[in-house]
Protein chains: 2
Amino acid sequence: MPVGFNADEMKKIDEVVEKRRRIKQGELLFSNGETFTSLYAIRTGFFKTCVTSADGREQVTGFQMAGEIIGMDGIVSDHHNCNAVALEDAEVCVMPFANVEDLSRELPSLQRHVHKIMSREIVRENGVMMLLGNMRAEERLAAFLLNLVQRLHARGLSQSELVLRMTREEIGSYLGLKLETVSRAFSKFSEDGIIEVKQRYVKIIAPEALKKIFNPQTCF
Amino acid sequence: MPVGFNADEMKKIDEVVEKRRRIKQGELLFSNGETFTSLYAIRTGFFKTCVTSADGREQVTGFQMAGEIIGMDGIVSDHHNCNAVALEDAEVCVMPFANVEDLSRELPSLQRHVHKIMSREIVRENGVMMLLGNMRAEERLAAFLLNLVQRLHARGLSQSELVLRMTREEIGSYLGLKLETVSRAFSKFSEDGIIEVKQRYVKIIAPEALKKIFNPQTCF
DNA sequence: ATTCTCATTTGACTTGTATCAAAGATTTTT
DNA sequence: AAAAATCTTTGATACAAGTCAAATGAGAAT
C-alpha cells in the first residue's frame, strides 16, 4: 500500500489482510472459474495473468510485480476470469474483498485508492489494446521493455538493467507475437546497439532510441 | 441502473445524477486530458471510446450503448485517458464521481455495483486482448458481431438484426484490422450465407456458424 | 435534381509476421 | 558429470493482412 494514509488508517488497512500466502514458481495463485473471495497484494515475486480461449489458445493479459494488486477480474462474476501464475517464488497478502469493501466504506481514502487501482488497470489495458491493434513488433517490444524498467525503477531497481522473469513465449503472448518474432526483435535491438541481451538479462544502452522506436513521431 | 436496489436506494441513487447532457453525433462527451469529474450513464445513443498514440494512430477501445457506464478511465489520474465520441445523438446522466463515492459508502449495494462495473470493464478488455493477440480477422469480426447482438438483445432488440452505428474503419480500429479487411470479412460471411449485409444493416442468418468461427474447437 | 463528399467494396500486389525446422545454450534431473 | 528437458536463436519459406488503387454506392449540400 502506497502513501496517502495516516498511521491510524494504516493500522486498519493492515487488518484487512487475512493472512499471507506463499506461491512457488509455476503454481497458481488463482485460476479461471475459481470462486472469487480476495484481492492479493504482491509482497515479493512476479506473476503473469492469462486467459485461455475455448480452443486452448493462451493470452497473457499482464505481468505483475511486488507492490501491485491482483485479482480484480473476479469481482464482476464472483469467479475469477483468468489464471494468475507465479513466475518466481512469491508471497502475497490475502485481502478478503468483503474486508476491503467494509473498510472502504469507513475510510474514504481507501475507497478512493481501490477505485484508482481498478481504473489504472483499465487504462493499462487500453494501452495494451493500442499496442496490439496498431504497433509493429519492434514498437511493441520497445514499449514493453520501457514499461518494465520504469516499474522496476519505481521500486528502487536499476532503470537500465533488468532480468526478465518470463520466457520469450510469454512476452510474445502478451504482445500478440510469436516467440521467434520476439527473439528476432531482441536480436535486432542488440545489433543496433540499443540493448545488450544475454538470455533473460537485458541492459538498456540507448533508452532514447527505444523511446523513438515506441514513439516514431518524435523523429523530427 | 439495473436491478438489486430497493425503492429507498433507488431514490438516493437518482440523486447522484447532477443533470442530463445531450451530445450530438460526432461530438465529444469527454476528451483525453480533460479533468475527470463524473461518470456518465448512457440513456440513449451510442458511443465509441478511443485512445490516440503520440504519432496520431487511433485505437478504438470500446463501443458503449444505452445502459452502460462510461468514464472510469479518468479515476486513476483525475484526468480522462481517452476520448468518448457520440456515434449518434445521445443523452447521458452526469454522475459526479464525488457523489458516487459518497453514496457508495452509505449503500453497500451501490458500492458493490460500482466495483462490478469496473471489474466488468477489466474482464471485457481481457477478452479484447485475446481477440487482438490470438484471433484471425474472421474470428474477430464474428466475436464482435455476436457480442453486439447479445448486448442489443439484452436491451429488448432483435438477436438477429442490427444496424451498425460505426464505420468499417471504426470496427477495424477496434479489432486491430484495416477497413478493407473488415469489408472483406463481411463479404465472406455474406457469400457463405452466414449473414446478410447491406451497408450498416446486418442480419445474422446462421448464428451457430458465427459461433463456430469464433470458437473453432467446438467443431468436433 | 445535380453535384460533392464520404463510406464501402473489390482487385492486384506487397510485406510483416507466422510457420517449420534445426542448431545452440541453459537449466534441471538423474 | 552426463543426460534430458526447456528455452533461445537463426534461417528458409508461406500466408494473412496491409497497401495502393479504382469503381461503386449512399447521403448531404447546393
Side-chain angles (χ1 to χ4, degrees), chain A residues 24-27 46 48 55 57-60 85 87-89 131-145 162-192 195-202 213 216, chain B residues 24-26 46 48 57-60 85 87-89 131-145 162-192 195-202 213 216:
Chain A
K24 286 214 179 303
Q25 183 171 16
E27 288 182 356
F46 205 93
K48 70 170 177 182
D55 60 328
R57 283 177 281 188
E58 181 175 297
Q59 173 71 37
V60 172
V85 182
L87 296 179
E88 59 183 6
D89 291 356
L131 274 191
L132 294 173
N134 275 299
M135 306 282 210
R136 289 177 318 103
E138 288 176 21
E139 298 178 276
R140 297 185 202 188
L141 186 62
F144 173 74
L145 290 173
L162 69 157
V163 176
L164 299 169
R165 250 72 229 210
M166 68 295 279
T167 67
R168 300 287 188 263
E169 186 167 19
E170 286 162 337
I171 296 171
S173 173
Y174 183 58
L175 298 177
L177 302 168
K178 293 296 164 184
L179 68 96
E180 295 95 328
T181 305
V182 174
S183 177
R184 281 183 237 271
F186 270 119
S187 300
K188 178 68 164 37
F189 288 169
S190 182
E191 280 163 34
D192 293 350
I195 63 173
E196 213 178 285
V197 202
K198 178 135 196 206
Q199 298 286 127
R200 304 279 176 103
Y201 168 84
V202 178
I213 288 167
Chain B
K24 286 215 177 305
Q25 184 172 18
F46 204 92
K48 70 169 176 180
R57 282 177 281 189
E58 179 175 297
Q59 173 71 36
V60 172
V85 182
L87 296 180
E88 58 182 7
D89 290 357
L131 274 192
L132 293 174
N134 274 299
M135 307 281 211
R136 288 177 320 101
E138 288 176 23
E139 297 178 276
R140 297 184 202 188
L141 186 62
F144 172 74
L145 290 174
L162 69 157
V163 176
L164 299 170
R165 251 71 229 213
M166 68 296 280
T167 66
R168 301 286 188 264
E169 186 168 19
E170 286 162 337
I171 297 172
S173 173
Y174 183 58
L175 298 178
L177 302 169
K178 293 295 163 185
L179 68 97
E180 295 94 330
T181 305
V182 174
S183 177
R184 280 182 236 273
F186 269 119
S187 299
K188 177 67 163 39
F189 288 168
S190 182
E191 279 163 33
D192 294 351
I195 63 173
E196 214 177 286
V197 203
K198 179 138 195 202
Q199 297 285 126
R200 303 279 177 103
Y201 167 84
V202 178
I213 288 166

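Every chain is numbered from 1 and lettered A, B, ... according to where its sequence line falls, protein lines coming before strand lines.
- Residues satisfying the salt bridge (charged side-chain N to carboxylate O under 4.0 Å, His left out) criterion with A/Arg168, sequence neighbours excluded, are absent altogether.
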Pairs under 3.5 Å (N/O, protein and nucleotides 7-11 of chain C):
{"unit_1": "C/dT8", "atom_1": "OP1", "unit_2": "B/Arg200", "atom_2": "NE", "d": "3.0"}
{"unit_1": "C/dT8", "atom_1": "OP2", "unit_2": "B/Arg168", "atom_2": "N", "d": "2.8"}
{"unit_1": "C/dT9", "atom_1": "OP1", "unit_2": "B/Arg168", "atom_2": "NH2", "d": "3.2"}
{"unit_1": "C/dT9", "atom_1": "OP2", "unit_2": "B/Arg168", "atom_2": "NE", "d": "2.8"}
{"unit_1": "C/dT9", "atom_1": "OP2", "unit_2": "B/Ser183", "atom_2": "OG", "d": "2.9"}
{"unit_1": "C/dT9", "atom_1": "O5'", "unit_2": "B/Ser183", "atom_2": "OG", "d": "3.2"}
{"unit_1": "C/dT10", "atom_1": "OP2", "unit_2": "B/Ser187", "atom_2": "OG", "d": "2.5"}
{"unit_1": "C/dG11", "atom_1": "N7", "unit_2": "B/Arg184", "atom_2": "NH1", "d": "3.0"}
{"unit_1": "C/dG11", "atom_1": "O6", "unit_2": "B/Arg184", "atom_2": "NH2", "d": "3.1"}

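- Inter-residue side-chain proximity for A/Arg165 and A/Glu170 is flagged as unmet; no heavy-atom pair is nearer than 4.5 Å.
- In this structure, B/Gly172 reaches neither bases nor backbone, as no heavy-atom distance under 4.0 Å exists between it and the strands shown.
- Between B/Leu141 and B/Ile171 the shortest side-chain heavy-atom distance falls below 4.5 Å.
- Considering only heavy atoms from C-beta on, B/Leu164 comes within 4.5 Å of B/Phe186 through its side chain.
- For the pair B/Phe46 and B/Met166, the minimum side-chain heavy-atom distance is below 4.5 Å.
- B/Glu139 contributes atom CD, which lies 12.0 Å from atom CG of B/Leu175 (distance to the nearest 0.5 angstrom).
- Side-chain contact between A/Leu132 and A/Arg140 is present, with heavy atoms from C-beta onward closer than 4.5 Å.
- For DNA chain D, the span of nucleotides reached by chain A at under 4.0 Å from its heavy atoms goes, 5' to 3', from D/dC7 to D/dA12.
- Between A/Asn134 and B/Glu58 the shortest side-chain heavy-atom distance does not fall below 4.5 Å.
- Distance, A/Arg136 CZ to C/dT15 C1': 10 Å, rounded to whole Å.
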